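Okay, so here's the structure we're looking at.
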There are 2 protein chains.
Amino acid sequence: MGFSNLKFSQGKGNIPILSLKYSIFELIITPAYKMSQPISIKDIARKFKCAPSTISRALNDHPAINIETRKTIQEYATRIGYQKNTLSLSLLNKQSKTLGVILPTMAHFHESSMVEGMEKILQPAGYLLNICVTNESHALERAYMDRLVANRVDAICISLSQETYDKKRHDHIDHAISRALPLIFMDRFYHAQNLDQVITDDYQGAFLATEHLIQMGCRRIAHLHGPKGITVSQQRFQGYQDCLRKYELPLLPELIAYVSFSAESAVEATITLLDHHPDGIFGVNDEVCFGAMKVIREKNIRIPDDIALVGFDDIPLAQFAYPPLSSVSRQSRKIGEETAQLFLAKINGQQENKQISLEPQFIVRESSRKRIF
Amino acid sequence: MGFSNLKFSQGKGNIPILSLKYSIFELIITPAYKMSQPISIKDIARKFKCAPSTISRALNDHPAINIETRKTIQEYATRIGYQKNTLSLSLLNKQSKTLGVILPTMAHFHESSMVEGMEKILQPAGYLLNICVTNESHALERAYMDRLVANRVDAICISLSQETYDKKRHDHIDHAISRALPLIFMDRFYHAQNLDQVITDDYQGAFLATEHLIQMGCRRIAHLHGPKGITVSQQRFQGYQDCLRKYELPLLPELIAYVSFSAESAVEATITLLDHHPDGIFGVNDEVCFGAMKVIREKNIRIPDDIALVGFDDIPLAQFAYPPLSSVSRQSRKIGEETAQLFLAKINGQQENKQISLEPQFIVRESSRKRIF
DNA sequence: AAAACGAATGCAAACGTTTGCATAATTTTT
DNA sequence: AAAAATTATGCAAACGTTTGCATTCGTTTT
């Protein structure tokens with residue numbers, strides 16, 4: 001055995017001249033990259049009449065393999081269009097180089113920006129993203145969770161669905177935590193346990209926004225409140241509420257209207273709000289403010305002189321609203337980047353869990369800049 | 001051998017009573033779901049002192065396994081938190097139940113809606129999505145393509161990057177096509193070959209938009225032209241051009257301004273356009289029109305009386321622009337759904353390639369509804 | 001000339017699961 | 001009572017790749 005299997009011509013040492021000719025010959029006869037089954041290391045080994053391990057080492061530039069043999073095999077592999085099967089590697093190494101990302105929705109600037117941020121960091125590190133949209137459904141969240149675990153993703157980054165909050169059913173979450181599987185909460189808080197979380201300080205952002213309206217002279221500040229039960233909504237309401245208290249303004253229930261996150265949903269809410277004559281509106285996000293502004297314009301109420309508006313998220317179109325919309329930027333992209341970096345730190349052995357809270361930034365535009373100042 | 005390994009008590013036949021006790025015992029001693037290594041079928045086999053194949057069949061409810069043994073094993077597996085390792089299955093069955101999705105960008109309504117559409121169809125079918133954002137870079141597109149192939153995704157759905165068009169380097173595409181790997185072009189055309197493609201008829205949409213402006217009395221219709229080289233830009237320009245020709249209006253080069261897809265980029269472009277006194281503007285997308293409208297408003301030019309505007313995409317905020325923006329809807333979500341369905345048809349043996357072109361829908365709003373009519 | 005060494009390669013196990021076939025024990029049929 | 005059928009289970013290979021160890025030459029050292 002040993003060399004006996006190799007049909008190399010014996011130049012000096014074991015120069016694989018014959019093999020080179022052989023490979024070219026094969027290439028012409030059967031253009032293997034057109035075959036339906038992908039080429040494996042075993043296939044290449046068969047052509048060269050050697051062991052798969054030799055091919056594996058050659059392709060990985062292992063110094064134990066003769067330098068010329070290595071080159072020949074590498075050249076043949078690229079020419080034939082060989083592509084390593086990562087699945088087998090994942091199985092062997094117990095890491096799939098893939099992250100699971102579970103999001104309640106995708107069709108908003110905030111979520112898709114987070115994903116872009118994650119990709120920016122993780123692509124260079126060789127990671128792929130499995131993105132799952134739960135549509136705020138608890139059942140889907142569960143199903144996706146199981147599937148990702150079954151797929152042995154290296155970690156799961158999750159922004160909890162509204163239903164999971166509503167129903168308070170987090171057994172699937174607890175279950176995942178009890179495994180070794182790294183779990184990072186993005187954008188929406190889980191609960192105050194010592195977990196990995198990356199969020200923006202919605203409370204502070206809401207406080208800033210409300211404070212600004214007060215400083216602009218508003219005394220009857222309405223709030224377009226997001227869906228109940230969602231932490232984002234609650235945090236922003238809390239910031240609004242606490243700011244009013246700090247400035248000794250009353251919290252008037254008639255100035256709170258509930259909306260979903262869409263501009264559409266804000267239309268009716270704003271109409272009822274206007275009956276109570278607010279002089280400022282703080283919206284749970286920018287879309288909602290677009291809806292409110294449309295209603296206000298149609299009633300010929302002036303912005304910001306009669307009613308000042310402030311939104312949240314600072315979507316790219318905010319500055320193109322009429323008038324340009326003041327907003328709180330929560331650096332969506334950066335949430336994604338920080339999440340990705342937290343993950344990388346974790347697999348590099350960082351033990352302690354980390355809570356990262358990004359500072360929101362308030363951006364003043366015409367919708368709240370009263371001319372009297 | 002045979003039964004000899006099984007330590008079942010001999011009730012009548014082989015009722016695994018002893019095993020049941022054994023499993024509960026084990027559960028109490030070592031809560032396996034807290035172990036760092038996930039539990040495998042082999043682990044369970046060891047507990048029950050039987051072959052892995054028996055466990056596998058039991059978990060899959062194979063009738064050859066004794067019904068009581070089956071139940072016992074299933075119960076134990078769920079209690080212990082066993083999760084099937086899909087990687088090994090993918091390797092064995094040569095299908096990963098995962099799709100690769102390559103997109104030039106993510107932070108726009110159009111792209112993220114497409115993804116949502118795909119998920120809607122593919123989640124029930126048990127598929128996961130690997131989403132890759134190229135940021136319009138050719139190099140990244142290549143890298144992602146290789147990675148997805150290495151991961152043995154069952155198909156790749158791709159919306160080509162601008163650079164791939166610019167550089168005309170599609171060897172990576174051709175390479176993928178030459179494999180058996182199903183490749184579906186989403187949203188952006190490849191070239192006229194007989195491939196699988198799902199797009200909207202941008203040409204027709206642009207034609208409709210332009211025709212509408214003409215019917216509203218516009219004679220000097222400007223165009224905010226998308227980035228050169230991108231098919232979407234070209235198709236929309238072509239529709240605009242051909243419509244002008246049909247109505248015997250001249251194509252005036254001074255009324256064409258180039259923009260990227262952002263509102264920001266439209267500001268300067270619109271300023272220069274206004275020097276040439278257009279009475280209508282057709283924008284390559286809605287964002288661009290938001291930019292244009294801001295400029296126009298600031299110059300105290302009336303919309304639509306002095307200048308009528310029409311956009312493209314019908315983003316959710318279009319109807320909340322001031323004034324509400326007329327637009328061409330290209331049913332982003334449906335592109336995703338159709339792509340997903342095309343894929344499902346393909347793996348179910350549909351041979352012929354298919355080109356699906358979705359009808360755009362024109363939506364009239366105030367931005368183009370001249371009051372003289 | 002024998003022994004030690006170095007270079008190049010092969011062997012086999014491992015990752016987790018499935019599945020056709022073989023095997024053993026029990027029951028039914030002749 | 002022997003043969004056949006039925007039931008329940010085990011064996012081993014397969015998917016594609018890596019890797020520690022063994023093997024086989026050829027070369028250098030004693």
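Being a predicted model, the structure only gives us computed values, none of them experimental. Convention: sequence-line order gives letters A, B, ...; per-chain numbering from 1.
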Holding to side-chain hydrogen bond (donor to acceptor under 3.5 Å, both in side chains), I want the full list of residues that pass it with A/K94, two or more places apart in sequence or in another chain.
B/Q37

Tell me: CD1 of B/I73 to P of D/dA8, nearest whole Å?
13 Å

Atom pair distance, as rounded to whole Å: CD in B/E68 and C1' in D/dT7
14 Å

For B/T69 and D/dT9, is the shortest distance between a side-chain N/O and OP1 or OP2 below 4.0 Å?
yes

The ring pair (Phe, Tyr, Trp, His ring centres under 6.0 Å) partners of A/Y144 (sequence neighbours excluded) come to none

With a 4.0 Å cut-off, would you call A/K97 and A/D154 a salt bridge?
no

With sequence neighbours excluded, tell me which residues meet side chain to side chain contact (heavy atoms under 4.5 Å, CB included) with B/D61.
B/R70, B/Q74

Not counting sequence neighbours, which residues clear ring pair (Phe, Tyr, Trp, His ring centres under 6.0 Å) with A/H172? List them please.
A/H138

Among residues at least two apart in sequence or on other chains, which ones pass side-chain hydrogen bond (donor to acceptor under 3.5 Å, both in side chains) with A/S40?
A/D43

Euclidean distance, atom NE2 of residue A/H62 to atom C1' of D/dG20 [Å, nearest integer]:
10 Å

Could you work out, with side-chain hydrogen bond (donor to acceptor under 3.5 Å, both in side chains) as the rule, every residue matching B/E116, not counting sequence neighbours?
A/T105, B/R333

Please encode protein proximity along nucleotides 12-18 of chain C as a string of B, S and -, counting only heavy-atom distances under 4.0 Å.
B-BBBBB

Using side-chain hydrogen bond (donor to acceptor under 3.5 Å, both in side chains) as the criterion, list what pairs up with A/S161, not counting sequence neighbours.
A/E141, A/T164

Given axes from five pairs at either end, by how many degrees does the helix from C/dA1-D/dT30 to C/dT30-D/dA1 bend, rounded to 10°?
70°

Report the distance from atom CZ of B/R46 to atom P of D/dG10, rounded to the nearest whole Å.
14 Å

